[in-house]
Undergrad: 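The structure that follows is given in the form of structure tokens.
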Amino acid sequence: MARVEIKRKSAEEATAAGEIVSGGITLRFRDDADHDWRHVEGDADLPDGGAVVVPLARLAETLDLNRFAAVGVRLAPADDARALAPYLTRLALVEIGFLTFRDGRGYSAARILRDDLKFSGEIRAVGQVLADQLFFMVRCGFDALELDPSVREETALRELERFQLVYQKAADARAPVWAVRGG
Amino acid sequence: MSQIITANDLPTGDVVYWTGAGWTRDAREAALVTDTAAAEALGKAEVKARRVIDPYLIDIELVDGKPWPTRYREIVRASGPSVRTDLGKQAEL
Amino acid sequence: MYQYDSFDAAIVQTRVEQFRDQVARRLSGELSEEQFRPLRLMNGFYLQLHAYMLRVAVPYGTLSSTQLRALAHIARKYDKGYGHFTTRQNIQYNWIRLEDGPDILADLAAVEMHAIQTSGNCIRNITTDQFAGAVAGEVVDPRIWSEVLRQWSTFHPEFSFLPRKFKIAVTATEQDRAAVQWHDIGIEILKNAAGEIGFKVLAGGGMGRTPIIAKVVREWLPAEHFLSYIEAIMRVYNRYGRRDNIYKARIKILVHEIGIEKFREEVEAEWQQVLPTHIDVPAAEVARIAAYFTPPAFETIVPPVAAHEAALKADPAFAHWVARNVVAHKVPGYAIATISLKPVGGIPGDASADQMDAIADLADQYSFGDVRVTHEQNLVLPHVRLADLHAVWRKLVEIEVATPNAGLVSDIIACPGLDYCTLANARSIPIAQDIANRFADLERQRDIGELKIKISGCINACGHHHAGHIGILGVDRKGVENYQISLGGSGAEDASLGELIGPGFNDAGVVDAVEKLIEKYRAIRQEGERFLDTYRRVGAQPFKEAVYG
Ligand code: SF4
């Protein structure tokens with residue numbers, strides 16, 4: 001899972017610069033094989049092939065080229081997840097960026113993709129992805145979590161397992177307690 | 001105007017002041033700031049060392065030769081609630 | 001009242017363990033303060049002027065006597081022997097140590113309480129009518145739907161990092177004691193001609209820097225779609241609420257900026273997407289919750305109750321208290337008694353551990369173990385037999401919470417202000433005390449009649465000054481506390497926004513000004529008019545003249 005394109009910066013520096021950066025380990029809960037994704041930022045040239053992740057603004061152009069083994073898109077917090085509707089069958093990955101963990105728009109984006117648009121490809125959380133938000137993310141439909149470098153793997157796994165019961169239905173398979181109570 | 005460094009103790013939340021060698025609960029024991037930049041750096045270092053949170057500088061005047069805050073908010077922090085004079089530093093120190 | 005089953009208990013218990021772990025990670029340095037702050041806030045821990053403050057949720061303002069005793073225990077063991085009841089039906093402790101936090105939450109969990117989502121940019125404690133289940137004219141007990149909301153909103157995975165905090169209030173009577181029009185979402189429970197339950201849904205109300213009264217999003221929402229519709233509102237807000245400016249991040253600004261029509265369109269469209277995901281709780285679950293709110297075993301009593309009538313005649317002080325602090329119960333022979341936490345000259349909303357214990361005992365003896373917290377910072381015994389009222393009153397007198405001032409000039413809402421709150425610009429409590437002392441003569445208070453004075457120590461408006469018949473806002477004027485007066489606000493079913501009358505006053509001046517306003521009202525009022533009615537009839541001008549000459 002090499003991520004050659006990714007700059008390593010502290011989350012603090014990145015947030016100050018208004019960028020989403022990654023760098024920690026990735027937890028992935030999917031059976032299909034991961035790709036060796038290359039990230040194309042801004043107006044940079046697209047590679048000749050392979051697996052590529054592009055910003056929303058470059059998505060149509062990238063898909064039209066028809067030369068990539070797999071295409072992913074990175075949504076910024078303000079991007080509208082519903083704009084992906086026409087492309088979803090051709091997308092293997094949607095990355096949802098958390099510039100700061102306090103910006104919760106990405107949770108709605110994931111739920112729209114899963115619940116509303118029925119997207120079954122990978123939804124990966126990137127950016128400031130901290131241990132105490134992971135459970136919420138998984139419940140909203142994320143199935144890959146690229147952790148902030150500050151997060152220890154055992155802490156992340158513990159938080160993901162902590163709550164066995166949930167009160168409400170969401171995009172995951174967990175049954176809310178109201179469905180369990182009766183039975 | 002002279003200044004001292006204040007913060008809140010991380011584990012207890014208590015209002016504390018920098019004495020030059022450590023933190024005290026009593027504003028009158030605080031050390032006067034001589035170098036603002038150094039004081040701010042010290043605050044940051046103490047946060048990093050997980051002793052305090054939210055350090056900042058406050059204005060003081062000398063009363064009987066000892067520092068005492070000038071702003072009302074800081075007087076309340078240094079003393080306790082004005083409506084419960086039986087509680088807080090005003091009752092304990 | 002609602003009781004946890006093993007599922008509720010497990011969820012709250014897990015939260016305690018999680019917080020224990022988070023505190024340990026913070027103290028060990030694994031979490032920075034920046035990362036930890038939202039976590040502690042979502043467990044009710046603020047940093048205030050003197051220490052950490054812990055805000056404990058009292059869901060929809062209902063407490064059992066056991067819970068109230070646990071609150072007293074926490075005040076004694078971990079704080080300085082008292083607590084402060086807030087305008088959101090919660091209780092706050094002012095002197096809490098972070099390192100005690102996990103143990104306190106464990107003690108709360110043992111009595112089915114928690115501090116979950118009492119702060120942070122998430123859905124906060126659901127509030128409702130403090131007379132729920134006791135007052136006549138209710139469509140249904142609003143706590144049923146409040147509990148549905150409590151469960152749904154607890155650890156909601158999508159709505160825990162909203163642009164800003166989010167407050168929902170529910171009412172089920174025409175008289176609004178929950179200030180629903182001042183909330184991010186206000187729910188009015190209704191019954192249609194066919195006898196079915198449904199909701200009128202309002203959104204976009206709020207106080208703070210930009211006070212706005214909520215607008216109607218939907219006139220009628222069938223009960224079975226309750227949560228899906230709320231979820232649609234929340235999603236629209238989560239996606240489009242402003243995140244660039246903390247002062248513009250509440251839903252009221254979104255509704256205001258795009259307009260209620262556009263907002264409604266967005267919500268309705270989103271709702272169509274949410275509906276097929278079947279997030280609504282089934283009727284069986286609502287019925288399960290409703291069963292906890294079946295009325296207690298009231299006796300059949302045929303008033304008049306001789307002992308009560310005799311006590312009223314024999315004891316004028318008691319009669320005054322009944323006239324002011326007691327309202328009719330839906331069941332004959334019973335009454336709803338408001339316990340005033342506003343002794344003249346006291347701190348509005350504060351109660352000592354001993355008082356809490358005594359009130360818990362009274363609840364056990366005389367009110368089916370049931371106690372309520374009001375958004376006006378008082379407590380209530382909701383189900384007292386008329387025959388027991390005198391005994392209840394005598395005990396309340398003994399513990400000094402029997403001031404017969406409910407709704408009167410000394411029943412003042414005041415936020416903690418600069419005596420406790422780190423955001424404050426000015427003190428609130430001493431102003432409340434000075435006004436109450438000025439009008440200490442209860443005969444004079446009764447003559448003035450209903451008058452809601454509400455005081456906030458800063459523009460955040462926790463003291464609801466925008467909704468005060470007389471509202472007082474503390475500001476900082478060049479380092480000196482200064483108080484601005486607004487008139488004509490209301491937090492009831494006739495909700496209105498108070499209007500500033502002019503330049504502010506110092507602490508002594510504001511009390512004089514309030515007295516002048518009240519004397520003006522007494523001079524010009526017509527038969528049966530409250531202060532607010534007179535103000536609405538004559539406008540601000542006569543009052544301005546009275547104050548500014
Ligand atoms: S209104 Fe202001 S001063 Fe009063 S409690 Fe709220 S934030 Fe604090």
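Every heavy atom of this structure was used, including side-chain atoms; hydrogens, water molecules and symmetry mates were not.
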Undergrad: Measure distances from C:Arg150 to the heavy atoms of chain A and classify the residue's part below 4.5 Å as side chain, backbone, both or neither.
TA: side chain
Undergrad: Minimum heavy-atom separation for A:Phe163 to C:Ile11, with atom names?
TA: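 In this case the closest contact between A:Phe163 and C:Ile11 is CE2-O, 3.7 Å.
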Undergrad: May I ask you to name which of C:Gln151, C:Glu285, C:Gln273 has the most heavy-atom pairs under 4.5 Å with chain A?
TA: C:Gln151
Undergrad: Is it true that, when you exclude A:Asp64 itself, more than 12 heavy atoms of the residues, nucleotides or ligands shown sit nearer than 6.0 Å to its CG?
TA: yes
Undergrad: Going by an N to O cut-off under 4.0 Å, is there a salt bridge joining C:Glu270 and A:Arg82?
TA: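 A salt bridge links C:Glu270 with A:Arg82.
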Undergrad: Measure C:Leu227 against the heavy atoms of chain A and call it side chain, backbone, both or neither at under 4.5 Å.
TA: neither
Undergrad: Less than 4.5 Å to any heavy atom of chain A: does that hold for the side chain of C:Arg243, its backbone, both, or neither?
TA: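 For C:Arg243, the contact with chain A is made by the side chain alone.
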Undergrad: Quick one: of C:Ala10, C:Pro282, C:Ala284, who has the most non-hydrogen atom pairs under 4.5 Å with chain A?
TA: C:Pro282
Undergrad: Heavy-atom distances under 4.5 Å only: say whether C:Leu39 touches chain A with side chain, backbone, both or neither.
TA: side chain
Undergrad: At their closest point, which heavy atom of A:Ser108 faces which heavy atom of C:Asn238, and how far apart are they?
TA: OG-ND2, 2.8 Å
Undergrad: Side chains of C:Pro38 and A:Phe101, heavy atoms from C-beta outward: is any pair under 4.5 Å?
TA: yes
Undergrad: Is there a side-chain contact between C:Ile279 and A:Gln168 in this structure, where contact means two heavy atoms from C-beta onward sitting under 4.5 Å apart?
TA: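 C:Ile279 vs A:Gln168: side chains apart.
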Undergrad: Side chains of C:Phe161 and A:Asp103: closer than 4.5 Å at any heavy-atom pair?
TA: no
Undergrad: Write down the atom of A:Ala81, the atom of C:Arg239, and the distance for their closest heavy-atom approach.
TA: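 Shortest heavy-atom separation between A:Ala81 and C:Arg239 comes out as N-NH2, 3.7 Å.
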Undergrad: Tell me, side chain or backbone of C:Gln22 under 4.5 Å from chain A's heavy atoms, or both, or neither?
TA: side chain
Undergrad: So for A:Asp80, is it side chain, backbone, both, or neither that comes closer than 4.5 Å to the heavy atoms of chain C?
TA: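 Both the backbone and the side chain of A:Asp80 come within 4.5 Å of chain C.
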Undergrad: Counting C-beta onward and ignoring hydrogens, is there a side-chain heavy-atom pair between C:Gln35 and A:Ser150 closer than 4.5 Å?
TA: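 C:Gln35 vs A:Ser150: side chains touch.
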Undergrad: So among A:Arg111, A:Arg105, A:Arg114, which one has a salt bridge (charged side-chain N to carboxylate O under 4.0 Å, His left out) with C:Glu158?
TA: A:Arg111
Undergrad: Can a salt bridge be assigned to the pair C:Glu231 and A:Lys169 using a cut-off of 4.0 Å between side-chain N and carboxylate O?
TA: no
Undergrad: Does this structure show an ion pair linking A:Asp116 with C:Arg235, if we count only N-O contacts that are shorter than 4.0 Å?
TA: no
Undergrad: So what's closer than 4.5 Å to chain C heavy atoms on A:Gln164: side chain, backbone, both or neither?
TA: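 Neither part.
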Undergrad: If you count heavy-atom pairs within less than 4.5 Å of chain A, which of C:His278, C:Met234, C:Arg25, C:Glu17 leads?
TA: C:Arg25
Undergrad: Please determine whether the number of non-hydrogen atoms from other residues, nucleotides or ligands lying under 6.0 Å from atom CD of A:Glu161 exceeds 12.
TA: no
Undergrad: Have A:Asp115 and C:Thr277 got a donor and an acceptor in their side chains that come within less than 3.5 Å?
TA: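 C:Thr277 and A:Asp115 do not have a side-chain donor-acceptor pair below 3.5 Å.
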Undergrad: Is A:Leu130 in contact with chain C via its backbone, its side chain, both, or neither, using a 4.5 Å heavy-atom distance?
TA: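 For A:Leu130, the contact with chain C is made by the side chain alone.
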Undergrad: Salt bridge or not between A:Arg181 and C:Asp8? Use side-chain N to carboxylate O under 4.0 Å.
TA: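 Yes, A:Arg181 and C:Asp8 are salt-bridged.
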Undergrad: Is C:Glu34 salt-bridged to A:Arg102, cutoff N-O under 4.0 Å?
TA: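 Salt bridge: yes.
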Undergrad: Taking the six-membered ring for Trp and the full ring for Phe, Tyr or His, determine whether the centres of A:Tyr167 and C:Phe155 are under 6.0 Å apart.
TA: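 That pair fails the under 6.0 Å test.
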Undergrad: Under 6.0 Å from the OH atom of C:Tyr247, do we count more than 12 heavy atoms belonging to anything else shown?
TA: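 Incorrect, the count does not exceed 12.
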Undergrad: Mind checking the CH2-CD1 spacing from A:Trp178 to C:Ile289? Nearest 0.5 Å is all I need.
TA: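 These two atoms lie 11.5 Å from each other.
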Undergrad: Quick one: what part of C:Asn121 sits under 4.5 Å from any heavy atom of chain A, side chain, backbone, both or neither?
TA: neither
Undergrad: Do C:Pro157 and A:Tyr107 make a side-chain contact, defined as non-hydrogen atoms from C-beta onward lying under 4.5 Å apart?
TA: no
